[in-house]
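A quick write-up on the structure given underneath.
Reminder, nothing fancy here: chain letters follow the sequence lines and each chain counts from 1.
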2 protein chains.
Amino acid sequence: MDTISQALSHGGVQGVYRHDAASTRCPMTFAVFVPPQARSGPVPVLWYLSGLTCTHANVMDKGEYRRVAAERGVILVAPDTSPRGPGVPDEPDNWQFGCGAGFYVDATQAPYDRNYRMWSYVVDELPALVAANFPADMARQGVFGHSMGGHGALTVALRNPGRFRSCSAFAPIVQPSTAGWSRPAFEKYLGADPAGWRRYDATALIEDGHRFPEFLVDQGSADGFLQDGLRPWLLEEACRKAGIPLALTMREGYDHSYYFISTFMEAHIAWAAERLAA
Amino acid sequence: MDTISQALSHGGVQGVYRHDAASTRCPMTFAVFVPPQARSGPVPVLWYLSGLTCTHANVMDKGEYRRVAAERGVILVAPDTSPRGPGVPDEPDNWQFGCGAGFYVDATQAPYDRNYRMWSYVVDELPALVAANFPADMARQGVFGHSMGGHGALTVALRNPGRFRSCSAFAPIVQPSTAGWSRPAFEKYLGADPAGWRRYDATALIEDGHRFPEFLVDQGSADGFLQDGLRPWLLEEACRKAGIPLALTMREGYDHSYYFISTFMEAHIAWAAERLAA
C-alpha cells in the first residue's frame, strides 16, 4: 500500500492510498479519514460508496464529512467506483458503464469478469487492507453511499447484516435491475438472465428474504433522476412488506449533487455513529 | 449577469454567475451563497478572496462554508482571482503570475494594465453588481481570504476601513512586495519602483498609517510556504507597532491546503458574523 498524500484536517488525517488489488487486477486508489480519537485506540469504520462517474476524490473534496467524523470518532473510507487503467475494458463515452460505473457487482461476463469485481473488492479485499493498516475496530462497521453507491450500501448491508451495524443512503438506486441507467450495465456485467441480477438489487434482495434492522434514506425532490432512476417508493414498498423500518425523507428542492449530500452528511454520520457506539 | 448554476445547499442557494466585467474587460465568473435568512430581507455579505491558481470554484467545492454561512445568515461571495480568456495576457507555465494570480492589484504596466484590474473589480465593480442583484445589506460587509487572497483581504480592509466590519485570513501573504513568489508579479504588474507597491502590501500599508480595528489570522505550522512566502511574524510586528489587535494562531501540523482552510472556516465565519450582527 502506497501513501499518495496525507493532510491534517479537522484534527484528523485525510489520506489517499493506492494498492495493487487482487480482486480487480489493477491499482486501486482510496481515501481514508482517521479521526483524532484513533490515537487512543481503534475506532469504528464507516464505508462511503460513491455514485456514477466518481472516484475516491469527489466525496473527499465535496462531502464535508471530516468535521463530523472527527467529532464522532469514526474512520471514513471512500473507495473508487470501478477498476481503472490500461487493460481495463471500458466504454469511455458511456458514463453509466465501465470505468466510474462498477455498480458494486462481481461481473460474470467476459471481458468484464477479469477486472469488474467491485463487490469482492469492497466487501472483502479493501476491508482486509483497512483492518491491517488503520486503527479500525472492524467489529463496528457501517456503510452508506450515494446514488449507485446507495445501491451498493443497501445491497452490501442486506447481504452482510452481521457485519454492518448501520446502513444509510443519499438518493440510492433502489432497484437497479429495472432502472434505465443501470439495467444495461447489469446485462453486460452479469449476463442476460435477470435471475442473476437479484443479488445486486436491494428491493429484490428484500423480496428474496434478506433483512437489515433499519435504513435511513434522504432523497431530494428536485433530483432529475428521481422518477426514472432512483424511485425510492420501490424501496419503501419492499421495506413495508418486509417489516424493515425505513426512515425515508424527501428533501424539498434538493438535487442529486454534493450540495445535497453535504447538507445531510452530518445527519447520516450521526445516525451511523449512534449505532456504532460501543 | 448570467446564471450558470444554482443549487439548494444547507437551506440556502449556492449559485455561480458570469458577467462582462468593465474593469477587467473580460467575462468574469463568481460564486454567491445566499443563506435562507435572506428570504426575509437583506443579510450581511462576506467576501472570500482566493489564493494563487484558484477560481471561484475551489472554495465553493472544498471550503465547507455553506453550513456555517446558513447558520449565521451571511451571504458569501467568492470572486475569481484574475481576468481570464482569449486576449488576456498570461504566462501559462507560471502559476505565480497572470491568470489565477491577479494579486488583487490594478496593473499599471502594459500589456497587463488592460485586464489585470482586480483591485477595481473586487472593490468596486463586483460589489455594485452584488448590491444590485442579491439580497445583500451592503452596510454590513466583511472580507477574508487565503494566501494571495489573505493579502487581498488585508489590503482591501486596510484601505477601506469604513466599509468592512471584519477582516480575517488563512495563511496570508502579509508582505507580498518582498516575498519571492509575489515580488516578480508586483514588478510586472506595477513597474520597477517599489514605492508603487506599498499600497498593495499589508505591512507597508500599516507602516504608512492605514489602520483596521482588528485582524484574525490562522496559519498552519506545516505550511510549506510559511518561511519564505507567508511570514506572519511580519504582520505581527507591524500590528504591534501600530497598536492593531491581531489574533494570530499557529495551527500545529496544518498545511496550506483546503484541508486547513475548511478546518478553521467555521471560526472565521463566526468571527465575521459577530462583527456583522446588526
Side-chain angles (χ1 to χ4, degrees), chain A residues 4-16 31-36 39 54-55 57-71 76 170-171 218-224 226 249-270, chain B residues 4-16 31-36 39 54-55 57-71 76 170-171 218-224 226 249-270:
Chain A
I4 306 301
S5 65
Q6 283 185 326
L8 194 60
S9 191
H10 293 279
V13 175
Q14 178 64 64
V16 177
V32 181
F33 177 72
V34 177
R39 291 184 204 116
C54 289
T55 68
N58 301 65
V59 71
M60 186 176 75
D61 290 348
K62 302 179 180 177
E64 303 188 14
Y65 60 76
R66 281 177 289 274
R67 178 184 60 87
V68 190
E71 283 175 9
L76 193 145
F170 307 103
D218 280 288
Q219 171 64 57
S221 72
D223 186 325
L226 175 57
T249 309
M250 294 300 292
R251 300 296 184 177
E252 190 63 30
Y254 283 89
D255 65 15
H256 198 63
S257 73
Y258 274 94
Y259 295 120
F260 158 66
I261 298 170
S262 62
T263 300
F264 300 102
M265 180 61 76
E266 177 164 11
H268 282 240
I269 293 180
Chain B
I4 307 300
S5 65
Q6 283 185 326
L8 195 60
S9 191
H10 292 278
V13 176
Q14 178 64 65
V16 177
V32 180
F33 177 73
V34 176
R39 288 183 208 119
C54 289
T55 69
N58 300 67
V59 71
M60 188 176 74
D61 290 348
K62 301 179 180 178
E64 302 187 13
Y65 59 76
R66 281 176 290 273
R67 178 183 59 87
V68 190
E71 283 174 10
L76 194 145
F170 307 103
D218 280 287
Q219 170 64 56
S221 72
D223 187 325
L226 175 57
T249 308
M250 295 298 293
R251 300 296 184 176
E252 189 64 30
Y254 282 89
D255 65 16
H256 198 63
S257 72
Y258 274 94
Y259 295 121
F260 158 65
I261 299 169
S262 62
T263 300
F264 300 102
M265 180 60 76
E266 177 164 11
H268 282 242
I269 293 179

Residues in side chain to side chain donor-acceptor pair (under 3.5 Å) with Ser262(A), at least two apart? none
Measure across Leu8(A) and Glu252(B) and return the closest heavy-atom pair with its distance rounded to 0.1 Å. CD2-O, 3.3 Å
With a 4.5 angstrom heavy-atom cut-off, is it the side chain or the backbone of Glu64(A) that approaches chain B, or both, or neither? both
Is chain A contacted by the side chain of Asp255(B), its backbone, both, or neither, given a heavy-atom distance below 4.5 Å? side chain
Arg66(A) versus chain B, the contacting section by heavy-atom distance below 4.5 Å: side chain
Donor-acceptor pair, Tyr254(B) side chain versus Gly11(A) backbone, under 3.5 Å? yes
Can you find a pair of side-chain heavy atoms, one from Tyr259(B) and one from Gln6(A), that are under 4.5 Å apart? no
What's the spacing between Phe264(B) CZ and His10(A) NE2 if we round to 0.5 Å? 9.0 Å
Those residues at least two apart in sequence (or on a different chain) that pass salt bridge (Lys or Arg N to Asp or Glu O under 4.0 Å) with Arg67(A) are Glu71(A), Glu266(A)
